[in-house]
Amino acid sequence: MAELILFPASIRSELPFGFWLHLAIFAIGIIAILLTSVIIFIWFERRLVGRFQLRKGPNRAGPFGILQSVADVIKILTKEDIIPSRADKFLFWLAPVIAFSPVVVMLAVVPVAGGALLADLDIGILFIIAMSSITSLGIFTGGWASYNKYSLLSSMRVVSQLVSYEIPLILSLVGVVMLTGSLSLDEMVNAQNVPFILLQPTGFFIFFIASLAEISRSPFDLLEADSELVAGYNIEYSGMKFATFYLTEYCEAIVLSTLTATLFLGGWQGPWLPPLVWLLLKITLVFSIIVWIRATLPRLRIDQVMGFAWKFLLPLAVLNILLTGSFVAFWPEAPSWMIGIANLVLLIGYILFRSRFFKPGGVTVGAS
Amino acid sequence: MEVRIEPCYPEIDAHESRVIEDLKSSSTQPIAEPSGWLDEEINRNILVTTVDKLLNWGRKTSLWTETSFTACCTFEFISTSSSRFDIARFGMEVLRSSPRHSDLIVTAGTLTWKMAPQIKRVYDQMAEPKWVIAMGACGISGGIFADSYSVVPGYNRILPVDVYIPGCPPRPEALLAGIEKLRKKIEQSSISNKS
Amino acid sequence: MAHSTDSVFINLGPVHPSTHGVFRMRAHIDGEVITDIEPVFGYLHRGIEKLAEGKSYRQVIPLTDRLDYVASMNNNLAYCMAVEKLAGIEVPERAVYIRVIMAELQRIISHLLGIGSFFNDMGTFFTPFFYMFIQKEKITDLLEMVSGQRLLFNYMRFGGVSHDLPDPFLPALSQFLREMPAEIDKYERLLKENEIVLARSRNVGVLSREMAINSSISGPVLRASGVNWDIRKADPYSCYDRFDFDVPTGSNGDCYDRYRVRIEELRQSLRILEQAVSKLPKGKVINPVPLRFKPPVGEAYSHIEGNKGELGFYIVSDGSDKPYRMHVRAPSLLNLSALREMLIGWKLADAIIIFGSIDICLGEVDR
Amino acid sequence: MTIKLSREIINHSLHEHVSSTDYSFESEAVVTDSASLVKICEVLKSAPGIELDYLSSVTAVDYPDYFEVVYLFYSIKHNHSLTLKVRCPDKQQPDIPSITPLYNGANYQEREIYDLFGISFVSHPKLRRIFLWEGYPGHPLRKDYGIGS
């Protein structure tokens, strides 16, 4: 079985129903791995946040508390399912589905080994970008249909924030696309003899921040801003629908980690270990960084979030495209280290230039 | 120094006072705790016990607390959830602010009649199954403030309480013991009889 | 073409994660901006002032514990000082020093919680809060040593404190005093120049000096607005005139300054504690008063610089063994006087931070 | 050290604006009636050398014969204090002018006294109950209310 999953390119040619077998194995495999990893990653995050806060975290359910999320799932799924009397019933029901499905679909174009992916689309990147926008629609629908002012505010924030961050997110990928010369993710991984994070540090920086905002993790977790919006867009959801939203949230985080690993960290490539293991290791690394940020940073305000996207990330993304484009157009045979260093200089220079406008620190409190 | 005049909502105030008065007049007696689990041994069977075991394990392992704390005991609850006592070990560090997501109200603090409708409303908004822990003397009987004109003598006037934790305030250890009691109680409940 | 928007009426509280208890604000918001706000009090009004009239003077001490439950020793202290002033009771020297030690430890607890929940409101997912709580638990252990309780101590008595410090207390306190400055430095490294903290709190919720004075603001909030007013300096009580400490004041009166003032006050409290421990005299700790204690007819107002501001008790005696009237000058309630001025025009997310930076305790607001 | 203002200084500042029959001294406190309260407050707030700019607290006491409202003022600048008492002999319909327009800090305290004592403050911007709900019977801190349920 492992052979089949790891080297499925061979299935297509040898078996009579090769394509369908391939489809079935991958579809089931992706969903199974995704759902299992969500359960493990939720536990992982809670343990990790626990360590950041100098405590232990869940450790009673099962060995090391690893069954904690299983218990959560059992409990949530058997809870009463409340639909507010003044909610829009159909949309209220539909919203979690709209939010959840595109997240799973995105994994279809991510290769788990050389040539091993569900659908080798030539426009893989475009597909991911298109799909990632749909989730916000589901969240907006849910927030609106709940007939609750907090969730309405939250869903308004979703729209503005997610639409703004789409733009730097897409532009940051243009550099990678130019270096690869293809839109297919499989090609992109194959092209990464050197991980793109070294060639495209600026692109990585923008992509990572913008996608943190896309999945609304701290410091951009405005839609779930506990301290002001109580629980955000899913405030009225309970039971299975709430579980779906909860699942969506973590699936998004995992998908984001997968994409970051695939696009910038060399995907499944790596010595000695099997490709899938490498991919999972890289996903875990990126996810840990997300959790680290969550456990450390405060939340930004909505206008600051928007200003950051339009005034800071967007110009940087455009500069990145110009720089990388000039290399590709005028000096295609440039050694890769030079591209990387030029890019890094752009990133550091830009941050230093912009930080002139900030006035950090400074003590305004004196003792007398 | 111009100070703008505060807005005023007489209709809302009047409506809220009506709600308070109604609740006050209708809750003169304590509500008995849900005690259906006591005599359920009779209608058990093999299938239900197995399902029960799984469900009850899930429910007792993941008790998410509603953040509706009123007064002093809150700080002992927060102490319990902080690094030293770490309630997260039992999977309880998920403090949900929305009643729809939470399973447990810990009534940390004095309840006043003005607050009572809000707490009752939070309880009503929670999805079944749900539990209530009355924490501290005020939660049990009004405690030191029981004689006051504005204090509800015990949460059990308005909510069915599952576990009482004495103390003013109870120590974190006492709270953990109370939570352990609640977990035992959940273990013994069954889906086949509605409490 | 001009667009007009409807303002939305929204309830913040009383069950809301960041109202620090059961405070409630009815807010009108236009988009995200708060256009008007009406604070609603009374969800924790327990009638302490009325209950006190039915209890003997000594029985009131546990009631005062439950006012500002974050720092109950301070309430004990202010109440006992008022009764002592009323009846002219002398306090032994050692008890005076013990009281100062307790009051400063309570101030540290309260400021730690204030800072922690301020960052919680800012959205840091409990990490600074729990860091602060680790130190808070150490102080709680110290206070538990002397009083046997963890939160509501009921330790002070008229004419002193209920009993002497236990033997392990002073070594443990010295240990704490050695460790704490490094901890404060750690918080500073983490938070002081964090870009997001600065962006969220600087020049947010500015309270002008004039407005602060006119609205009877007191404590760290007043000092953050640039007013050098600390009862420990202005009207020294206990033995604060014998200690060398500074009064930190801010210059902008914004949320950042309020947070900075609290951090600096932590340092000053540690200074006071060190001096108090080194000067702690020997001797008895209480001049006992009779159980059925009847102060002479009259009235007395006594105030201390509590953790949240000027905490005063006004007591009227009719010569019986119960207070005729007890009034608490609650800093938390008065610090909210300028709340509307501070909130209107800011965004919803700012409102939560501004409210958190005032650092109120609902037990004291509603009483 | 916060010092109590002496009678001479107060007399000196007040005699131009308020007739000396409107106020009296009673053990460190100035006692006045509701008619001249606002005038006295205005003078004390702005008179040079006094400048009582900080209203520390307002409270009320229910004596058998009258209600007494007690104001405590400080001056942040000069660090001195003054206690001002207003007596209101009408126990059925007590009313006193509000000083909220002068001192914003009086706002909630006056509402509190209105709520718990039933003393109405004339020209207060929003005189409504603050702690108890609208329609609560009686005023708990009055002596005739009774303790306990």
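Hydrogens, waters and symmetry mates are skipped; everything else that's a heavy atom, side chains included, is used. Residue numbers begin at 1 in each chain, while the letters A, B, ... track the order of the sequences. For clarity, every value in this text was computed on a predicted model and none was experimentally measured.
- Looking at D:Tyr63, the atoms closer than 4.5 Å to chain C (heavy atoms on both sides) sit in the backbone and in the side chain alike.
- Separating the CH2 atom in C:Trp229 from the CD1 atom in D:Ile76 is a distance of 5.0 Å, to the nearest 0.5 Å.
- By the salt bridge (charged side-chain N to carboxylate O under 4.0 Å, His left out) test, C:Glu299 is found to be paired with D:Lys85, residues two or more places apart in sequence or in another chain being considered.
- Interatomic distance, CD of C:Glu310 versus OG of D:Ser57, reported as 7.0 Å (0.5 Å rounding).
- In this structure, D:Leu72 and C:Tyr314 have side chains that are not in contact, with every pair of non-hydrogen atoms separated by 4.5 Å or more.
- Aromatic ring centres of C:His45 and D:Tyr136: separated by at least 6.0 Å.
- Atom CZ in D:Arg142 sits 11.0 Å away from atom NZ in C:Lys50 (nearest 0.5 Å).
- Taking both residues in full, the closest heavy atoms of C:Tyr324 and D:Pro64 are given as OH-CD, 3.4 Å, listed atom of the first, atom of the second, then distance.
- In terms of heavy-atom pairs under 4.5 angstrom with chain D, the leader among C:Ile231, C:Ile217, C:Leu44, C:Val40 is C:Ile217.
- Between D:Phe131 and C:Tyr43, the ring center distance fails the sub-6.0 Å criterion.
- A donor-acceptor distance shorter than 3.5 angstrom exists from the side chain of C:Arg325 to the backbone of D:Ala60, with no hydrogens or angles considered.
- With hydrogens and angles disregarded, a donor-acceptor distance shorter than 3.5 Å links the side chain of D:Asn79 to the backbone of C:Ala234.
- From D:Tyr108, atom OH reaches atom CG of C:Leu334 across 10.5 Å, with rounding to the nearest 0.5 Å.
- From D:Lys143, atom NZ reaches atom CG of C:Asp318 across 7.0 Å, with rounding to the nearest 0.5 Å.
- Between C:Phe41 and D:Arg129 the shortest side-chain heavy-atom distance does not fall below 4.5 Å.
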Checking side-chain contact (heavy atoms from CB on, under 4.5 Å) for the pair C:Tyr301/D:Val70: CA distance, chi angles, key distance, verdict?
-> CA-CA 11 Å; C:Tyr301 177 80; D:Val70 185; over 6 Å; no
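- Between the OG atom of C:Ser215 and the CG atom of D:Asn107 there is a distance of 9.0 Å, given to the nearest 0.5 Å.
- Interface summary for chain C: among D:Asp62, D:Val58, D:Leu132, the most heavy-atom pairs under 4.5 angstrom belong to D:Asp62.
- Residues of residues 116-127 of chain D lying under 4.5 angstrom from chain C, judged on non-hydrogen atoms, are D:Leu116, D:Phe117, D:Lys126 by number.
- D:Tyr103 places no side-chain N or O within 3.5 Å of a backbone atom of C:Ile213 that could act as its donor or acceptor partner.
- By the 4.5 Å heavy-atom criterion applied to side chains, D:Glu112 and C:His327 are counted as neighbours.
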